[in-house]
Structures are given as structure tokens and as C-alpha cells.
Amino acid sequence: MSTTASAAQPGRTQPTSAANPTTESGLRTTATEIVQLPESPSAARGSQEHPRAWRTLLSTGGGNALEWYDWAIFGTFSPFFAHAFFPARTGTLALLSALIVFAVGFVVRPIGSLIFGWYSDRRGRRAALIGSIALAAGGSLLIGIAPTHASIGIAAPGLLVVARLAQGLGHGGEMPAVQTYLAEAAPPRRRGRWASFIYVSGTSGIVAATMLGAVLSGVLSKPEMSAWGWRVPFVLGGVVGIYTLVMRLRLPESAAQASATSRVRLWRGLWEQRAACGRAFGLTIGGTVAFYLWVIGTPTQAVAAHRIPAAQVLWISVLASVFMIVLLPLFGILSDRIGRRPVLLLSSLGTAAVVFPATTLLARGPWQLALALLPAMLFLAPFAAVVPAVYAELFPAGIRATGSGLGAAVATAAFGGTAPYLQTWLGSSGHASLFAGYVVALMLASAAIAWWAPETHAIDLVAE
């Protein structure tokens, strides 16, 4: 791919030197002239953050955490409710059936990304954020109250699929809207730090789901968990979604999007930015598989296939996720100083190096599981910290949410959504090394894309 195809887009402003005081002053003056929304943090460029910065982070982050919580509890609790919806199957086969339904949500993620991305670019990031959280929370509530196969027969797994489709559409629309909103709202020299909050909040949602699973597994017996305990987190997610919806109704609109609304036709814009879409896809394929491998697939497989006690697995997952949360802003800050490409390369090459030794430890016991997950999270964190900022930086404002969301969603649907299923299937058939090789190949492919991609951290997203 040509470097100039994405780096030299018409109307984009890229400072010649990030360390030049005159250039920084010019950026602040330009942003002050362009952005007249006092409630937007974008007006406070450089080293001064707007007083409402934390409100912006918490409003977007709270909704993002709930979206990821909804997503995570399906994978975390699937060993407990699989038999309720697929009673004809036993053991690993029932789990595989539930994971197929889990993957169904990924199939519609590109559709959700396209719909909400288009709506975000035309009608505003705020409107897309409201719609996405409503769908995801509604899907979670439907799962929580859905009758089982014993009550309504084949319609039960049908309802499960409908709920997953709603969550898939919602989450597909959430990511492009929230990552674009935060990237545009951030001071330009702190964009990596702000963008890292997307995975900080998202992983916090996963931690909340995992901790709830650990508490319920410790308090309730296995028959109680399978009978009704698994419903608790889904209903809770739906109820909390109402509060999150109210929070997002109070968000201001993004300044950069407001100045670019309706200036680019959808398909023409996507065609013109096809190289950037390809880069977003290529950068995502490795990281999304690694994320769903370590955060979703590994804990699920440890319980169902390796017979490690559920409570121990869930608490180990919490420890690993908290470790990752601590690392995320550090890598975001690092990317603001040295650029995005070195941080992405560290993640891709580091993950490729630890996949084989980590997977050999998974079936040996709880301590070995912890030993495998900690280095895995160390190298997953750089990708998660900076890729939201990179997505936004690859595209001009008029097509930013659509283009970045579509490329990433297609990659996530094709590779991330199928990762837990492939891991369980190949692991149960004695071919875990094949899956490890598959992950390594994808990580190396993403590393190659990062190596040839232009450096984007100095691009100004508002002065376009």
C-alpha cells in the first residue's frame, strides 16, 4: 500500500515538528478559531484540558464499559447456560453451540458499524452513541429473561440469536462512534492517552463481568448457576443500560464532526479511502484474535475443557485484566511521544513470541494459567491502547466513523468472533498448536501492515 495514499489526504493538517513551539501555538490558534463549542474539550488544545474533560471520558467510557460488559458475560457465562438452550448436546458440544451463537453477533458487526458509522458521520457522534447503547442493553435484557428450551422448545435458541444480533449491531456501532468522538475531543498531543481510555473502560466492563461471575460461582452451587444464576448479569446489564443512556443524552457534539457533516457521500468516501480501510482491517486482524483469545476464549476453555474450577479461572482473569488496564494509559502516553507505529509493532511481535509458550501452559492448572495470561496481556495492551487513535487518524472527518469502523468490524467479525470457537474446537481435538500457529501468522501480518503504514500521531483531526 502507498504511504502517501493515507498520509497526504486533501485538507488534512499535519505539523512539521511536534516539538516546535510556533507550530503548537498555531494549532491552538486554529482550533480556537474553528471550535466555538465551549462544552467541547477540543477547544483546549495542547497542555490545557477543558474542565469537562472527565465528564466526557466518564460519559463515553461508562457506556463503552457496559457494551463490553454485555459482550463479555455471554462468553463468561456460556458454560452455565449452554445446556438450557441446547439440551440435546452435552459437554463441549453444548459449549460449542453457545459459542456459535456468540459468533453470530460478530457477523452483523460490520452492518452495525456501517449503519451507525454513516449515521455518526451525517447526524452526529452523540446520536450514534445513544442508539448503540440502546441496542446492546436491550439484547442483554432479552437474554436475561429468555425462556429456556424446556419452556418454548426451538424458539429458545432463536431468541438467543435475536439477542446476539442486537448486541452485535450495537457493539458494531459503538466502537467507531466512541473512538472517533474521543479522538476528536482530545487535545492533539494527548490523543493517545485519551484514546487508551476506550479499552480502559471496555476492559473494566469485562472485569466487572468476570468478577460478577467469580462471586456468583463462589456463592451459588453449580446447579443453581445453571438454573438461574447465569441470568443475573444479563438483567443487571439491561437495567444499568437505562442509566447509561441518560448519561449519553447529556453529551455535547464533536466539533470536528459538526464542521464536516454531510460533505462526503458514503460509497464515494469509502472508495476514496479504500487504502485507509485496508490498513484498518490489516492492523485489526492480529489484535482482535489476541484479544478474544486471552480475554474471552481462554477463561471459557479453562473451565469447560481443562476442568479448572470456575471461581479460580475468573479471579485469574480479573487479575490479568487489571494488569492490562494499568498498562493501557502508559502505552497511550508513550505513543504520543514516540509515535503509534513502534507501539503497534511491539504488540504484534511480542504477542507472536509468547503465543506458543502461553498456550502450552493453559491446561496445566490455575498457576500456569496466570503465568500464561500476564505476559499475554503485557503485549496485548500496546495494541489496545493506541489502535482507537490510529483508526481516527487514518480518515478525514466526513468519513471517519464509517471508514474506521467498517475496516475494523469486518476484521473483528472474520477473525475475532471466530477465535473462541476455533480455540475450543482445535484444543478439544488435540490440535492446539494449529490455533497458536494461526494466531502467530495473523500477528505477523498486522506487524507488516504497521511497518509500512504512515505515522499518524501528529495529524490534527479538527483543523481539516
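Residue numbers count from 1 along this sequence. Any value given below was found using the heavy atoms of this structure, including those in side chains, with hydrogens, waters and symmetry copies removed.
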Stepwise, does the side chain to side chain donor-acceptor pair (under 3.5 Å) test hold for Tyr391 with Thr284?
CA-CA 10 Å; Tyr391 290 151; Thr284 305; 2.4 Å; yes

For a salt bridge (charged side-chain N to carboxylate O under 4.0 Å, His left out) check, start with the C-alpha distance between Arg341 and Glu393, then their side-chain angles and the critical distance, and finish with the verdict.
CA-CA 12 Å; Arg341 290 173 67 244; Glu393 292 161 353; over 6 Å; no

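Screening Val410, Ile115, Thr412 against Pro110 for a side-chain contact (heavy atoms from CB on, under 4.5 Å) leaves a single residue, Val410.
A donor-acceptor pair under 3.5 Å is absent between the side-chain atoms of Trp451 and the main chain of Ala447, judged by distance alone. Side-chain N or O atoms of Asp336 include none that pairs as donor or acceptor with a backbone N or O of His457 at under 3.5 Å. Under the 3.5 Å distance criterion, the side-chain polar atoms of Arg231 are matched with a main-chain donor or acceptor of Ala146. Judged by distance alone, with hydrogens and angles left aside, the side-chain atoms of Arg400 form a donor-acceptor pair with the main-chain N or O of Ala392 at under 3.5 Å. A distance-only check finds no donor-acceptor pair linking the side chain of Ser113 to the backbone of Ala409 [under 3.5 Å]. Although no hydrogens or angles enter the test, the distance criterion places no donor-acceptor pair under 3.5 Å between the side chain of Asn64 and the main chain of Ser201. Side-chain atoms of Ser196 never come within 3.5 Å of backbone atoms of Ala385 as a donor-acceptor pair (strictly under, hydrogens ignored). A donor-acceptor contact shorter than 3.5 Å is absent between the side chain of Ser226 and the backbone of Pro223. Distance alone, capped at 3.5 Å, places no donor-acceptor pair between the Ser321 side chain and the Thr203 backbone. Distance alone, capped at 3.5 Å, places no donor-acceptor pair between the Thr359 side chain and the Ala436 backbone.
Here the CG-OG1 distance, from Leu369 to Thr298, works out to 7.5 Å after rounding to the nearest 0.5 Å. With rounding to the nearest 0.5 angstrom, the CD1 atom of Ile333 is 9.0 Å from the CZ atom of Arg190. Here the straight-line distance linking atom CG of Leu406 with atom CZ of Phe116 works out to 14.5 Å at 0.5 Å rounding. Going from atom CZ of Phe291 over to atom CZ of Phe383 covers 9.5 Å, rounded to the nearest 0.5 Å. A distance of 5.5 Å separates CZ in Phe331 from CG in Leu327, rounded to the nearest 0.5 Å. If you take OG1 on Thr288 and CZ on Phe415, they are separated by 9.5 Å, rounding to the nearest 0.5 Å.
Summarising the geometry of Ala376 relative to Val354, their closest heavy-atom pair is CA-CG2, 4.4 Å, with the distance given to 0.1 Å. The heavy-atom pair separating Leu344 from Ala450 by the smallest distance is CB-CB, 4.1 Å. Nearest approach of Tyr69 to Pro233, heavy atoms of both residues: OH-O, 2.7 Å. Ala358 and Trp294 make their closest contact through CB-CH2, 3.6 Å (heavy atoms, listed as atom of the first residue, atom of the second, distance). Annotation for Trp315 and Val215: closest pair CZ2-CG2, 4.4 Å, computed over non-hydrogen atoms. For Met377 against Val295, the heavy-atom pair with the smallest separation is CE-CG2, 3.7 Å.
Between Phe81 and Trp230, the two ring planes are tilted [angle within 30° to 60°].
Sorted pairs that involve residues 432-447 and meet side-chain hydrogen bond (donor to acceptor under 3.5 Å, both in side chains), not counting sequence neighbours, are lacking altogether.
No side-chain heavy atom of Thr402 sits under 4.5 Å from any side-chain heavy atom of Pro176. Looking only at side-chain heavy atoms (C-beta outward), Leu270 and Cys277 come within less than 4.5 Å of each other. In this structure, the side chains of Ser132 and His171 stay at 4.5 Å or more apart for every pair of heavy atoms. In this structure, Ser404 and Leu394 have side chains that are not in contact, with every pair of non-hydrogen atoms separated by 4.5 Å or more. Ile133 is listed as a side-chain neighbour of Arg248, based on a closest heavy-atom distance under 4.5 Å.
Other residues, nucleotides and ligands contribute over 12 non-hydrogen atoms within 6.0 Å of the CZ atom of Phe356.
Seen from the ring of Tyr181, Arg126 does not count as a face-on cation partner, given the 6.0 Å and 45° thresholds.
Taking the centre of each ring, Trp425 and Phe435 stay at or above the 6.0 Å mark. Aromatic pair Phe77/Trp228: ring centres not closer than 6.0 Å.
Between the side chains of Arg340 and Thr456, no donor-acceptor pair of N or O atoms lies under 3.5 Å.
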